[in-house]
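Step one of this worksheet: look at the structure below.
All chains are named by letter (A, B, ...) in the order of the sequence lines, taking the proteins before the strands, and each is independently numbered beginning at 1.
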Amino acid sequence: MKKNVLIIAGPTAVGKTDLSLKLAQELNGEIISADSVQIYKGMDIGSATPSDEELNTVKHYLINEVNPKDEYSVALYAKEAREIINDIHSRGKLPIVVGGTGLYINSLMYEMDFSEQVKDDKLRKKLMDEAEVEGVDYIHNKLEKMDPNAANNIHKNNLKRVIRALEINILTGKKMADFKTDPVKTTEFNPILICLKRNRKLLYVRINRRVDIMLKNGLIEEVKKLKKNGLNQDYTSMKAIGYKEVLGYLDGKYDYDLLVTIIKKNTRHFAKRQLTWFRRYNDAIWINIDNHNDNFEETYKKIIKIVNNG
RNA sequence: GGAGGGGUUCCCGAGCGGCCAAAGGGGGUGGACUGUAAAUCCAUUGUCAGAGACUUCGAAGGUUCGAAUCCUUCUCCCUCCA
């Protein structure tokens, strides 16, 4: 029988951390983060990384692992998280994947083909320059000739993706579809996907409140520190919500009030995108936790039952 | 008290007789997503909805084949002079 992996997903600020800590204690589990920002070191406030106390209560993985100047990727995540899952299983414990990065979670639940190491920054830049000079239609037509299927699926304005598809074709001669086999579920373990949700309005209230708290807790200082260490908006890590906006504020692009508004807005938009992503999974178990602000008992008991019954 | 300017769809803001359910932006909502994913991109946004019908542009009247657009009165807001 395949071993279980419990996955707790959901939009930002829904309350994943609190619940997962409780679950880990009840289920003899260890937590693997699925968060593309918490994985970076020194980005704690803006990414709502669990506190030191929380991190010490339950064993956590893939949090504060990567230098913000380094690049990270789903491919790496899929590899590392699977190794950790195996390790946890080998010790007879339950791996609990917690996070809101849909693609990362997807890379665990499904077999994604990351075998070909293809990436060429120079080529990307060249294509980007080309697009700037010739226009998006030109570059999209180019893709149309090389990989009509991909061109059909990617909107011409989505430059990043158009270029990626071209990059793959130029580097490997393959087409996008060659990597995009029908979703095949992983056979290594049995993923149990729990998606947490709340009433949208309430979620937005929580988001707004949390942004205020982040600011009060020193988000700006955190970004200043990162900036001092040489980080700027060109780094992937600094494109995270909260960070990119504060960098703009520090550069004088807008005042404090507008900064707050923008961070909140972007976070709300993000939460919406997360929800859209998670809705793709037909076998997801959605749990509304509106009524569990103070007491998770009912929710975690429900989840424990689900896990125990396979 | 006098002289002007203005009240437009959730918000800001264009329109100034028909091509206006009304530009544009914001916000909201829905969606896409295979190595940057907290990224990147798309759609939709008066109501019912099938073409189409119905109710909107501060309020009430009026002119006109036809009004958000013109006239009258009322009402609220802003600026300047007193």
Side-chain angles (χ1 to χ4, degrees), chain A residues 10-13 33-40 43 45-49 66 68-80 99-121 124-125 128 131 136 140 147 149-150 152-165 167-168 171-172 174-184 200-201 203-204 207-208 210-211 214 219 233-247 258 261-281:
Chain A
T12 187
S33 164
D35 189 301
S36 63
V37 181
Q38 289 181 5
I39 191 141
Y40 291 111
M43 296 178 67
I45 297 171
S47 70
T49 297
V66 182
K69 284 188 179 174
D70 292 340
E71 286 195 15
Y72 199 70
S73 69
V74 214
L76 271 170
Y77 180 82
K79 181 169 169 285
E80 294 178 354
T101 303
L103 186 60
Y104 284 12
I105 288 173
N106 196 77
S107 75
L108 296 180
M109 293 175 56
Y110 291 87
E111 300 297 343
M112 293 175 78
D113 180 6
F114 297 123
S115 55
E116 302 239 13
Q117 299 260 344
V118 287
K119 176 175 180 306
D120 184 337
D121 286 323
R124 280 184 193 181
K125 184 155 188 318
M128 190 54 98
V136 290
H140 194 257
D147 187 347
N149 203 298
N152 198 253
N153 286 325
I154 304 171
H155 189 100
K156 65 180 183 183
N157 288 349
N158 205 343
L159 252 192
K160 216 179 224 182
R161 284 244 181 67
V162 171
I163 288 175
R164 171 96 264 251
E167 182 186 33
I168 286 176
L171 259 33
T172 71
K174 287 194 176 181
K175 307 229 179 342
M176 239 15 212
D178 295 333
F179 297 94
K180 204 171 176 169
T181 46
D182 286 334
V184 177
R200 188 71 131 253
K201 289 233 166 65
L203 180 66
Y204 284 2
I207 286 171
N208 292 161
R210 187 158 88 174
V211 171
M214 284 177 180
L219 177 60
Q233 44 272 24
D234 293 335
Y235 289 92
T236 301
S237 57
M238 287 300 110
K239 290 188 172 135
I241 295 168
Y243 296 89
K244 60 166 179 270
E245 293 86 352
V246 172
L247 281 175
L258 192 54
T261 306
I262 295 174
I263 296 178
K264 287 177 178 174
K265 180 194 73 182
N266 287 341
T267 309
R268 272 181 262 130
H269 289 350
F270 171 49
K272 231 168 63 56
R273 268 178 276 135
Q274 288 176 299
L275 256 2
T276 299
W277 180 283
F278 293 123
R279 278 197 279 257
R280 70 171 52 202
Y281 302 114

**Study point:** Residues that A:Lys79 engages under salt bridge (charged side-chain N to carboxylate O under 4.0 Å, His left out), provided they are two or more places apart
**Key:** A:Glu83
Point to revise | B:C12 versus B:A59 - spacing of their C1' atoms, nearest Å | key: 24 Å
Review point. Can you check the A:Glu167 CD to B:U36 C1' distance for me, whole Å?
Key: 11 Å
Exercise for review: Scan A:Ser47 against the nucleic acid and name what it touches under 4.0 Å (heavy atoms): base, sugar-phosphate only, or nothing.
Suggested key: base
Point to revise | B:G24 versus B:U63 - spacing of their C1' atoms, nearest Å | key: 33 Å
**Study point:** Base partner of B:U63, which must satisfy Watson-Crick or wobble distances under 3.5 Å
**Key:** none
Check your understanding: B:C78 and B:C41: how far apart are their P atoms, nearest whole angstrom?
Key -> 42 Å
Practice item. Please measure how far the C1' atom in B:A14 lies from the corresponding atom in B:G66, and state the result in whole Å. Key: 23 Å
**Study point:** N/O (side chain, A:Thr101) to phosphate O (OP1/OP2, B:A37) under 4.0 Å
**Key:** no
**Study point:** For atom OH of A:Tyr77 and atom P of B:A39, their distance in whole Å
**Key:** 18 Å
Review point. Counting side-chain heavy atoms from C-beta on, which of B:A39, B:G28, B:C33 comes nearest to A:Arg273?
Key: B:A39
**Study point:** B:G30 phosphate, OP1 or OP2, under 4.0 Å from A:Arg280 side-chain N/O
**Key:** no
Practice item. Provide the distance between the two C1' atoms, one in B:C77 and one in B:U64, to the nearest whole Å. Key: 31 Å
Check your understanding: Can you name the residues that form a salt bridge (charged side-chain N to carboxylate O under 4.0 Å, His left out) with A:Lys264, not counting sequence neighbours?
Key -> A:Asp212
Practice item. Rounded off to whole Å, could you give me the CG-to-P distance for the A:Leu108 and B:U34 pair? Key: 17 Å
Review point. Just checking A:Tyr204: base, sugar-phosphate only, or nothing, at a heavy-atom cut-off of under 4.0 Å?
Key: sugar-phosphate
Practice item. Write down the distance separating the P atoms in B:U75 and B:A43, rounded off to the nearest Å. Key: 47 Å
Practice item. Among A:Thr261, A:Asn266, A:Ile263, find the residue that satisfies the side chain to side chain contact (heavy atoms under 4.5 Å, CB included) test when tested with A:Val211. Key: A:Ile263
Point to revise | Nucleotide opposite B:C16 in a Watson-Crick or G-U pair, distances under 3.5 Å | key: none
Point to revise | Residues that A:Lys69 engages under salt bridge (charged side-chain N to carboxylate O under 4.0 Å, His left out), provided they are two or more places apart | key: none
Check your understanding: Judged by modelled atom types alone, do A:Thr12 and A:Arg210 share a side-chain donor-acceptor pair under 3.5 Å?
Key -> yes
Review point. Under 4.0 angstrom, heavy atoms only, what part of the nucleic acid is A:Val37 near: base, sugar-phosphate, or nothing?
Key: base
Point to revise | For A:Ser237, all residues meeting side-chain contact (heavy atoms from CB on, under 4.5 Å), sequence neighbours excluded | key: A:Tyr40, A:Met43, A:Pro68, A:Leu231, A:Tyr235
Point to revise | Whole-Å gap separating P (B:A37) and CE (A:Met43) | key: 11 Å
Check your understanding: What about A:Arg161: does its side chain form a donor-acceptor pair under 3.5 Å with the base of B:A39?
Key -> yes
Review point. To the nearest angstrom, how far is A:Met109 atom CE from B:C33 atom P?
Key: 15 Å
Exercise for review: Just call it for A:Tyr243: base, sugar-phosphate, or nothing, with non-hydrogen atoms closer than 4.0 Å on any strand.
Suggested key: nothing
Review point. Does a side-chain N or O from A:Tyr104 land closer than 4.0 Å to OP1 or OP2 of B:A37, or not?
Key: yes
Check your understanding: Looking at the side chain of A:Arg200, which of B:G30, B:U34, B:U40 is the nearest nucleotide?
Key -> B:G30
Check your understanding: Atom NZ of A:Lys239 to atom P of B:C41: distance rounded to whole Å?
Key -> 11 Å
**Study point:** Whole-Å P distance, B:C70 and B:C16
**Key:** 10 Å
Review point. Using a cut-off of 4.0 Å on non-hydrogen atoms, how would the nucleic acid contact of A:Gly242 be classed: base, sugar-phosphate, or nothing?
Key: nothing
Practice item. Consider the side chain of A:Lys160, meaning its heavy atoms from C-beta on, and name the nucleotide among B:A37, B:A39, B:A32 that approaches it most closely. Key: B:A39
Give each protein N/O atom lying under 3.5 Å from an N/O atom of nucleotides 42-44 of chain B, with the pair distance.
from	atom 1	to	atom 2	distance (Å)
B:C42	OP1	A:Asn157	ND2	2.5

Exercise for review: Could you tell me whether A:Asp35 contacts a base, only the sugar-phosphate backbone, or nothing, with contacts defined as non-hydrogen atoms closer than 4.0 Å?
Suggested key: base
Review point. What distance, rounded to whole Å, do you find between the two C1' atoms, one in B:A67 and one in B:G30?
Key: 36 Å
**Study point:** B:G28 base / A:Lys272 side chain donor-acceptor hit below 3.5 Å
**Key:** no
Exercise for review: Any strand is fair game: report the nucleotide pairing with B:U40 by Watson-Crick or G-U wobble, both distances under 3.5 Å, or none.
Suggested key: B:A32
Practice item. Just grab all the salt bridge (charged side-chain N to carboxylate O under 4.0 Å, His left out) pairs involving residues 152-163 of chain A, residues at least two apart or on different chains. Key: A:Asp137-A:Lys156
Exercise for review: Would you kindly give the NZ-to-C1' distance between A:Lys79 and B:U34, to the nearest whole Å?
Suggested key: 18 Å
